[in-house]
Chemist: 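One structure, as structure tokens, below. Some questions next.
As the structure lists them, so they are numbered: ligands from 1, and atoms in each ligand from 1.
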Amino acid sequence: MSGLIVSSSSAAPLPLPRVDVTIRPGVLSDVPFLDSLQKLHTKQVGWMPTKQLEGKVLAGQVLVAETRETRETQNDERRTMNEDAGASQFIVHRSSFCVPTPVGYLIGADQYFKRDDVGIIYQINVVPEMRRSLVAATLLKAQFERSAYGCKLYCCWCAQDIEANKFWEAMGFVPLAFRAGSRGKGRVHIFWQRRIRAGDTTTPYWFPAQTSAGSIREDRLVFPIPPGMHWRDAMPIVLPGVSVLPGMRGDGSQRPALPGEGPPRASRKPAAEKPAKPAAKALRGFAFAPPVDATVKPEKPERAPRPKAKNDPRLVAAARELRDRWLEHVHADSSALVPQGKYEVSRALSDTRMAVTACSAPLALPSSIAA
Ligand SMILES: CC(C)(COP(=O)(O)OP(=O)(O)OC[C@H]1O[C@@H](n2cnc3c(N)ncnc32)[C@H](O)[C@@H]1OP(=O)(O)O)[C@@H](O)C(=O)NCCC(=O)NCCS
């Protein structure tokens, strides 16, 4: 396989953010901020319960961007100038102080699918008033910088229908693959990935052939974006349990499967019988419901957990085969995947760091001690 000679050299070095912003690791007291901002953008970033957000903070997987807002205090002092005349004046003391104000955050890890060389961004979010100020770009670069030495790629999943895809593109990520989103929403998720080391043009890209956990909580096959297709183009929605060609209905008809649609009606299980309602008493055309005892709460029928739909292992094996062949193909063709980055956010590994790795002489084993 020949090396992939693709670079994002046309990308400009990342300028300083357009607002005065500092990046720091998240702490537990940031959780209300993270939660309120994710609630503002659930369509874009999904939703993590508070416990999960706390876990991410404790695992050191959260970065917070904050600005320093200057506030003033004012103390009025009345001073009598001329006691006899009763003349007095006010002297106003003003002092200013800085209040750090969080304006964005990133949740990410430098490992994905138990791979030490691939990191993932779970969420990135900036308050609306601070958008297009390079806050997110600065957060992203900081995440790359703090990652373990061996981490060479970063990825993220992004719903196809949101603006953020343009951000990933501008950051030099390439759209590699797609999967169906959750059943209810019927969206497609795009898998973006980027090499994070400055000047790296050879680390092979990678994506999982199947995902099972995460926000969808159900198996999804992952397919490469077919050659010639743009990430914006319509992609087939493939859900587990629909034993058909991608985009086709389970009844063999050629109509594309609709978002969230399962097998055709005939093959579906009969709907569970609804519990019979207590019969209303009829009286000359009027009907009266039985008396309601306000003290007795109607028992809620226990909802059985929805069984997780699993992918057919044969399809998973086929998706894996397709992934590996496709990756081999694009890695052999330098024009296949060209990053369209506007800014260069790669991580520059410092010389000392490199030198330590390259030059440290192996320690000699101590000579064996004679018994
Ligand atoms: C996506 C998001 C994080 C970007 O944050 P941001 O701080 O505004 O991004 P930056 O200022 O760092 O943008 C850097 C570059 O990305 C590109 N970009 C960012 N947002 C863009 C948009 N809405 N449309 C087009 N390009 C965009 C631009 O090229 C921009 O540089 P420029 O302003 O010099 O043209 C922000 O819009 C956001 O919080 N959205 C809601 C949550 C979300 O969608 N998260 C991502 C889920 S996958």
Chemist: Looking only at protein heavy atoms, which one is nearest to atom 42 (C) of ligand 1, and how far off is it?
Modeler: N125 OD1, 3.5 Å
Chemist: Starting from atom 31 (O) of ligand 1, find the nearest protein heavy-atom neighbour and note its residue, name and distance.
Modeler: Y343 CE1, 3.3 Å
Chemist: Would you tell me whether Q38 and N125 have side-chain atoms, one donor and one acceptor, within less than 3.5 Å of each other?
Modeler: no
Chemist: Which bit of V45 gets closer than 4.0 Å to ligand 1, counting heavy atoms only: side chain, backbone, both or neither?
Modeler: side chain
Chemist: How are the rings of F144 and F173 set to each other: parallel, tilted or perpendicular (split at 30° and 60°)?
Modeler: tilted
Chemist: Considering only the protein, which heavy-atom contact is closest to atom 2 (C) of ligand 1, and what is its distance?
Modeler: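 Minimum-distance protein heavy atom for atom 2 (C) of ligand 1 reads A136 CB, 4.5 Å.
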Chemist: Side chain, backbone, both or neither: which part of Q123 has a heavy atom under 4.0 Å from ligand 1?
Modeler: neither
Chemist: For ligand 1, is any non-hydrogen atom under 4.0 Å from R132's backbone (N, CA, C, O), its side chain (CB onward), both, or neither?
Modeler: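 Both backbone and side chain.
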Chemist: For the residue pair R195 / T201, report whether a side-chain donor-acceptor contact shorter than 3.5 Å exists.
Modeler: no
Chemist: Would you say the ring centers of W192 and W231 fall short of 6.0 Å from each other?
Modeler: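 Judged by ring-centre distance (under 6.0 Å), W192 and W231 do meet the cut-off.
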Chemist: Please determine if D117 and K152 form a salt bridge, counting it only when a charged side-chain N lies under 4.0 Å from a carboxylate O.
Modeler: no
Chemist: For C158, counting its heavy atoms only, list the atoms of ligand 1 lying under 4.0 Å from any of them.
Modeler: 48 (S)
Chemist: Check ligand 1 against K166 and write out every atom of the ligand that is under 4.0 Å from a heavy-atom position of the residue.
Modeler: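 The list of qualifying atoms is 24 (N), 25 (C), 26 (N).
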Chemist: Looking only at heavy atoms, is any part of K141 under 4.0 Å from ligand 1, and if so is it the side chain, the backbone, or both, or is it neither?
Modeler: neither
Chemist: Which residue and non-hydrogen atom of the protein lie closest to atom 12 (O) of ligand 1, and at what distance in Å?
Modeler: A137 N, 2.9 Å
Chemist: Go through ligand 1 atom by atom and flag the ones less than 4.0 Å from a non-hydrogen atom of M171.
Modeler: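 This gives 14 (C), 15 (C) as the contact atoms.
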Chemist: Which option wins on minimum heavy-atom distance to atom 18 (N) of ligand 1: Y122, Y105, F167, W157?
Modeler: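 Closest candidate by heavy-atom distance is F167.
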Chemist: Any idea which part of S133 is under 4.0 Å from ligand 1, heavy-atom wise: side chain, backbone, both or neither?
Modeler: backbone
Chemist: Any atoms of ligand 1 less than 4.0 Å from a non-hydrogen atom of W168? List them with their elements.
Modeler: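 Contacts of ligand 1 toward W168, numbered from 1: 48 (S).
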Chemist: Do the two ring centres, one from F223 and one from F178, sit under 6.0 Å apart?
Modeler: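 Yes: the rings meet the under 6.0 Å criterion.
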Chemist: I need the atoms of ligand 1 closer than 4.0 Å to a non-hydrogen atom of K342, numbered in the order shown.
Modeler: 29 (O), 32 (P), 34 (O), 35 (O)
Chemist: Give the residue, atom name and distance (to 0.1 Å) of the protein heavy atom nearest atom 41 (C) of ligand 1.
Modeler: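 Ranking protein heavy atoms by distance from atom 41 (C) of ligand 1, first comes R131 NH2, 3.6 Å.
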Chemist: Tell me whether ligand 1 is touched by R18 - counting only heavy atoms on the residue side and a distance under 4.0 Å.
Modeler: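 Yes, R18 has a heavy atom closer than 4.0 Å to ligand 1.
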Chemist: How far is atom 45 (N) of ligand 1 from the closest protein heavy atom, and which atom is that?
Modeler: I124 O, 2.8 Å
Chemist: Using a strict cut-off of 4.0 Å, indicate which atoms of ligand 1 neighbour a heavy atom of E163.
Modeler: 22 (C), 23 (N), 24 (N)
Chemist: Considering only heavy atoms, does A170 approach ligand 1 within less than 4.0 Å through its side chain, its backbone, both, or neither?
Modeler: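 Side chain only; the backbone of A170 stays clear of ligand 1.
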Chemist: Any side-chain donor-acceptor pair under 3.5 Å between Q123 and Y105?
Modeler: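 Note: Q123 and Y105 side chains meet the donor-acceptor criterion.
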Chemist: Among protein heavy atoms, which lies nearest atom 1 (C) of ligand 1, and at what distance?
Modeler: A164 CB, 3.8 Å
